[in-house]
Amino acid sequence: MVNKKNKGYLYTQPQNQTLKPHSIDFISKMMRRKSMRVRKRAKKQINKDRISRLPDDLIDHIYSFLDSKSSVQSSLLSRRWRNTWKCHPRLKFKTDLSTGHKFDKFVHKFLSKRKKDAEIPIVDIHSNSIPIRLLKKIIAYSMSHGTKMLNILYMSDIPTRRGGFDLSLLKSHFLQDLYLDIDFELLKSPNLTWYLPTLTTLHLQRVTFTLDPPNDDGSLELFSAFSNLKYLVLLDCRLWNVRTFYITSSGLENLTIICLVHSCQFVISAPNLSSFIYDHMTPSLLLANDLDSLETVSFRTIYDRPTVNPPNYVETMINTFHQLHKVKHLILDKDAVLYISRFCGLLERRPCPFVRLESLTLDEMPCSIFRKHVVFDDILSYFRSGSPGCVAYIEYIV
């Protein structure tokens, strides 16, 4: 250490001593510390701004992937998001057996805290344990808040047909798309029905329709009031206490009936119907009126040789063909072809009704089916007897 009393020498501070406020090293170190604090503060501010500065369209897109519980939790991320869930236009409830009564309490509190005048264009309910009374509450809330799309998916493997709700619960001037995949009963009372004048798409899956109480003629008509209905799907549904099921709609363009459990007659009246899918159904009595716009029919039946009366089924299927005689493009699966091929004699007694047929497609044909069971020439001759210009297509499966 240099003696500080000697003139002409600079004083140097020992390393193990504290820096004095006036030293250059002390000032430099303080500047670095301050710079680090400024950078950390700026980084936090930037991260905060990235959330708060998101555009509204992007926020709506993010919320579209969140269920209602997650949307409430997201209010902690930003002050701007604190009340977003109270007026977001989409509700999505997801629950399972693990939620139990907690979900019930959450739904009641969630709906009570939302803004009363906030519309809800889209409502999704995915559950395997939701009580019917709670489902009724959500549906009633949706119907009173301008919902345009309602999607209810009940995923439980345990049948719940012991309970149900009346169709009168579904009343709205705004609902356009309704998807019900449930295992509940929809009760049709004589004086009460659903009122959905703006409905365009109706998809019903695993729904049981019950006349409560049964009327004298056992007839059930549900769709005539839907003047704007264009797409109707009935998938794996059930009809109890019904002898005649009416599908009447002036604007219906696409009709799909798949795996419908029934023992009744169908009456279809739809002047604008262009596409009709009749899939995995036993041939049944079908009466069709005003199908002048029919373009495509996909007819896929069930061939169960040991347990059915094939001649009666073929006769019923030919009667159905006569009801659909204005179709231009007909698709038959292997089961329908097997019925026809086994009783070609019935075809000779009943002339082919198809006078506008442009194409006949035999779909999902195993490669061995024609060698063992099917006389292809007889089938083709039958359809071409009514439409000589009909073109046949065979789609094989290996």
Side-chain angles (χ1 to χ4, degrees), residues 64-71 90-111 120-145 147-172 175-189 192-194 196 199 201-212 220 222-223 226 231-242 245 256-262 279-280:
S64 66
F65 295 97
L66 302 178
D67 60 2
S68 297
K69 184 176 181 180
S70 298
S71 65
R90 179 167 184 166
L91 296 187
K92 188 174 183 179
F93 294 107
K94 295 184 67 175
T95 179
D96 53 31
L97 294 174
S98 62
T99 56
H101 66 282
K102 294 182 180 179
F103 178 73
D104 196 335
K105 293 182 179 179
F106 169 76
V107 171
H108 287 284
K109 189 173 182 179
F110 179 87
L111 296 180
I120 316 172
I122 302 176
V123 176
D124 286 316
I125 305 173
H126 294 179
S127 173
N128 61 4
S129 61
I130 186 171
I132 293 182
R133 57 177 177 77
L134 186 58
L135 182 62
K136 291 180 180 180
K137 180 179 180 66
I138 298 175
I139 293 176
Y141 188 89
S142 303
M143 296 297 98
S144 62
H145 285 76
T147 297
K148 296 181 179 180
M149 177 183 290
L150 177 61
N151 181 17
I152 301 177
L153 172 60
Y154 189 85
M155 301 172 290
S156 177
D157 295 330
I158 303 174
T160 57
R161 287 186 293 275
R162 293 181 179 178
F165 54 84
D166 198 287
L167 288 175
S168 61
L169 187 64
L170 295 168
K171 289 186 177 181
S172 172
L175 193 65
Q176 299 176 3
D177 303 289
L178 177 60
Y179 300 86
L180 295 180
D181 183 359
I182 59 179
D183 201 13
F184 299 152
E185 284 184 329
L186 290 181
L187 307 178
K188 173 63 168 64
S189 300
L192 297 174
T193 185
W194 47 13
L196 304 170
L199 193 70
T201 301
L202 179 59
H203 184 111
L204 303 177
Q205 185 169 348
R206 298 187 301 144
V207 175
T208 299
F209 291 100
T210 302
L211 286 173
D212 184 32
L220 178 62
L222 298 173
F223 314 110
F226 304 158
Y231 304 93
L232 174 61
V233 177
L234 302 176
L235 175 58
D236 195 20
C237 295
R238 300 169 180 83
L239 299 172
W240 294 149
N241 301 324
V242 178
F245 186 63
T256 300
I257 303 177
I258 301 175
C259 298
L260 187 66
V261 179
H262 68 94
D279 198 348
H280 279 78

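Computed from a prediction, not measured in an experiment: that's the story for all the values here. Keep in mind that the numbers below use all heavy atoms, side chains included, and drop hydrogens, waters and symmetry copies.
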Chemist: Can you tell me if His203 has over 12 outside heavy atoms packed within less than 6.0 Å of its NE2?
Modeler: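 Counting other residues, nucleotides and ligands, NE2 of His203 exceeds 12 neighbours.
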Chemist: Can you name the closest pair of heavy atoms from Phe226 and Leu196 and give their distance?
Modeler: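 Scanning both residues completely, I find the closest heavy atoms to be CD2-O, 3.5 Å.
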Chemist: Show the numbers, then the answer: is there a side-chain contact (heavy atoms from CB on, under 4.5 Å) between Phe209 and Val242?
Modeler: CA-CA 9 Å; Phe209 291 100; Val242 178; 5.7 Å; no
Chemist: So do Tyr231 and Thr256 actually touch side chain to side chain, heavy atoms under 4.5 Å?
Modeler: no
Chemist: Within the 4.5 Å heavy-atom criterion, are Ile257 and Phe245 side-chain neighbours or not?
Modeler: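 They are not in contact (no side-chain heavy atoms under 4.5 Å apart), so the answer is no.
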Chemist: What do the steps show when you test Phe65 against Ser70 for side-chain contact (heavy atoms from CB on, under 4.5 Å), and what is the final call?
Modeler: CA-CA 9 Å; Phe65 295 97; Ser70 298; over 6 Å; no
Chemist: Taking the side chain as everything from C-beta on, heavy atoms only, tell me whether Asp236 gets closer than 4.5 Å to Ile258.
Modeler: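 In short, these two side chains do not touch, never coming nearer than 4.5 Å.
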Chemist: What is the minimum heavy-atom distance between Leu204 and Leu202, and which atoms define it?
Modeler: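 Here Leu204 and Leu202 meet closest at CD2-CD1, 3.6 Å.
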Chemist: Does the pair Asp181/Arg206 count as a salt bridge with the N-to-O cut at 4.0 Å?
Modeler: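 Salt bridge: yes.
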Chemist: Of the non-hydrogen atoms in Tyr179 and Met149, which two are nearest, and what is the gap between them?
Modeler: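 Reported closest heavy-atom pair: CE1-CG, 4.4 Å.
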Chemist: How many angstroms lie between CZ in Arg133 and CD1 in Ile138, if you round to the nearest 0.5 Å?
Modeler: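 Rounded to the nearest 0.5 Å, the CZ-CD1 separation comes to 11.0 Å.
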Chemist: State, with a plain yes or no, whether a side-chain heavy atom of Met143 is found less than 4.5 Å away from one of Leu150.
Modeler: yes
Chemist: With a 4.5 Å cut-off on side-chain heavy atoms, are Asn151 and His126 touching?
Modeler: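 SC-SC contact between His126 and Asn151 confirmed.
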Chemist: Quick check for you: to the nearest 0.5 Å, what is the distance between His280 atom NE2 and Leu260 atom CG?
Modeler: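 That separation rounds to 14.0 Å.
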Chemist: Measuring only between side-chain heavy atoms, which start at C-beta, is Leu169 closer than 4.5 Å to Lys136?
Modeler: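 Touching, per the 4.5 Å side-chain cut-off.
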Chemist: Measure across Ser142 and Val123 and return the closest heavy-atom pair with its distance rounded to 0.1 Å.
Modeler: OG-CG2, 3.5 Å
Chemist: In sequence, state the C-alpha distance, the side-chain angles, and the governing distance for Lys92 and Leu66, and then conclude on side-chain contact (heavy atoms from CB on, under 4.5 Å).
Modeler: CA-CA 7 Å; Lys92 188 174 183 179; Leu66 302 178; over 6 Å; no
Chemist: Any carboxylate oxygen within less than 4.0 angstrom of a Lys/Arg side-chain nitrogen, looking at Lys137 and Asp104?
Modeler: no
Chemist: Could you check if a side-chain atom of Tyr154 sits within less than 4.5 angstrom of a side-chain atom of Leu135, using non-hydrogen atoms only?
Modeler: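 No, too far: nothing below the 4.5 Å cut-off.
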Chemist: Would you check if the side chain of Thr147 reaches a backbone N or O of Ile120 as a donor-acceptor pair within less than 3.5 Å?
Modeler: yes
Chemist: Taking all non-hydrogen atoms of both residues into account, name the closest pair between Asp124 and Arg90 and its distance.
Modeler: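 That would be OD2-NH2, 2.5 Å.
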Chemist: Which pair of heavy atoms, one from Ile139 and one from Ile152, lies closest together, and at what distance?
Modeler: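 Minimum heavy-atom separation between Ile139 and Ile152: CD1-CD1, 3.7 Å.
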